Amino acid sequence: WSTKGTPRWACRHIACRNVMDRLPAIVQVLEEIASENHPQRAVEARGILAQIDLNFAGCLVLFRKVLSDSKFLSDMLQSKTVDYAKAVELIEALKETLVNYRSHTSFDEMWTEILDLCEQSNIDTTQRKAKRPRQTTKLLQDCVINSTLGQHVVPDNKHTFCASVYYPVLDNMIGEMGRRFSDTNCNIMQGIQALNPSSPTF
């Protein structure tokens, strides 16, 4: 949590919100630029359009949701008059919300929202053909490889997005919430609030 100026958490929420709300217009403008006679601008526009796919739309919807849920807590912790007892309540509520998102029902609801965004923005949602698997160099054929060789699987359907993006993002956020706001830390926060003469728990 940053304490200088506008926190990065809030900036990312604003960025996700603005791009998601304007995505149909953004895609339309890029398509118009891509059809211009200006070669460099057209190539750059086509390159950006190639990145605005099902995975991009999914990440946009997912991060807007979780960052939006987290923003109120972030704003409270940035406040000069923060009530630590209330902050602990918000922390527990956010943890519970993130855990509840780890369900097929919540994912299905979000997936519907992702498909709606793709339809509004004219983003292709059809599953792409699998690419030919990359061949391992002969120098490594007799070796045990325990790290990636540069391959990156881009989720292009509901199942792969759920397994490789949705659950990992939630798990990372739940883990970070547990690490930063452990039971011990929350007890300390409540104790600090009890030392504040203006607090009802003084």
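Keep in mind the model is a prediction, meaning the values are calculated, not measured.
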What heavy-atom pair brings [X] and [Y] nearest, and what distance separates the two atoms?
X     : Y      : answer
Ala45 : Ala34  : CB-N, 3.8 Å
Leu73 : Met177 : CD2-CE, 4.1 Å
Met20 : Val61  : CE-CG2, 3.8 Å
Glu36 : Ala42  : O-CB, 4.0 Å
Leu98 : Met173 : CD1-CB, 4.1 Å
Asp53 : Ile123 : C-CG2, 3.6 Å

Does [X] reach the side chain of [Y], with side-chain heavy atoms less than 4.5 Å apart?
X      : Y      : value
Trp111 : Cys162 : no
Tyr101 : Met110 : no
Leu62  : Ile114 : no
Arg17  : Asp21  : yes
Lys65  : Glu109 : no

So, Asn100 versus Thr97: side-chain donor-acceptor pair below 3.5 Å or not? no
Pair Phe161-Asn157, side-chain contact (heavy atoms from CB on, under 4.5 Å): steps then yes or no: CA-CA 6 Å; Phe161 183 83; Asn157 60 62; over 6 Å; no
What distance do [X] atom [atom1] and [Y] atom [atom2] have between them, rounded to the nearest 0.5 Å?
X      : Y      : atom1 : atom2 : result
Ile48  : Glu44  : CD1   : CD    : 7.0 Å
Lys158 : Thr112 : NZ    : OG1   : 7.0 Å
Asp108 : Glu113 : CG    : CD    : 13.0 Å
Leu30  : Ser121 : CG    : OG    : 11.0 Å
Ile91  : Lys86  : CD1   : NZ    : 14.5 Å

Find out if a path of hydrophobic residues (ILVMFWY) with successive side-chain heavy-atom gaps under 4.5 Å connects [X] to [Y].
X     : Y      : value
Ile26 : Ile33  : no
Leu94 : Tyr167 : yes
Val29 : Val43  : no

Does the side-chain contact (heavy atoms from CB on, under 4.5 Å) test come out yes or no for Asn122 and Glu31, once each step is laid out? CA-CA 10 Å; Asn122 196 29; Glu31 288 175 343; 3.5 Å; yes
Side-chain donor or acceptor of [X] paired with backbone N/O of [Y] under 3.5 Å:
X      : Y      : value
Arg64  : Cys16  : no
Ser106 : Ser103 : no
Ser35  : Glu32  : yes

Identify whether the distance between the nearest side-chain nitrogen and carboxylate oxygen of Arg179 and Glu176 falls below 4.0 Å. yes
Given Asp124 and Leu54, is the side-chain contact (heavy atoms from CB on, under 4.5 Å) satisfied, shown in steps? CA-CA 7 Å; Asp124 184 18; Leu54 179 63; over 6 Å; no
According to the salt bridge (charged side-chain N to carboxylate O under 4.0 Å, His left out) rule, which pairs have a member within residues 93-107, sequence neighbours left out? Glu92-Lys95, Arg102-Asp171
Let me see the working for Phe56 and Leu23 under side-chain contact (heavy atoms from CB on, under 4.5 Å), right down to the final yes or no. CA-CA 11 Å; Phe56 177 86; Leu23 189 59; 4.0 Å; yes
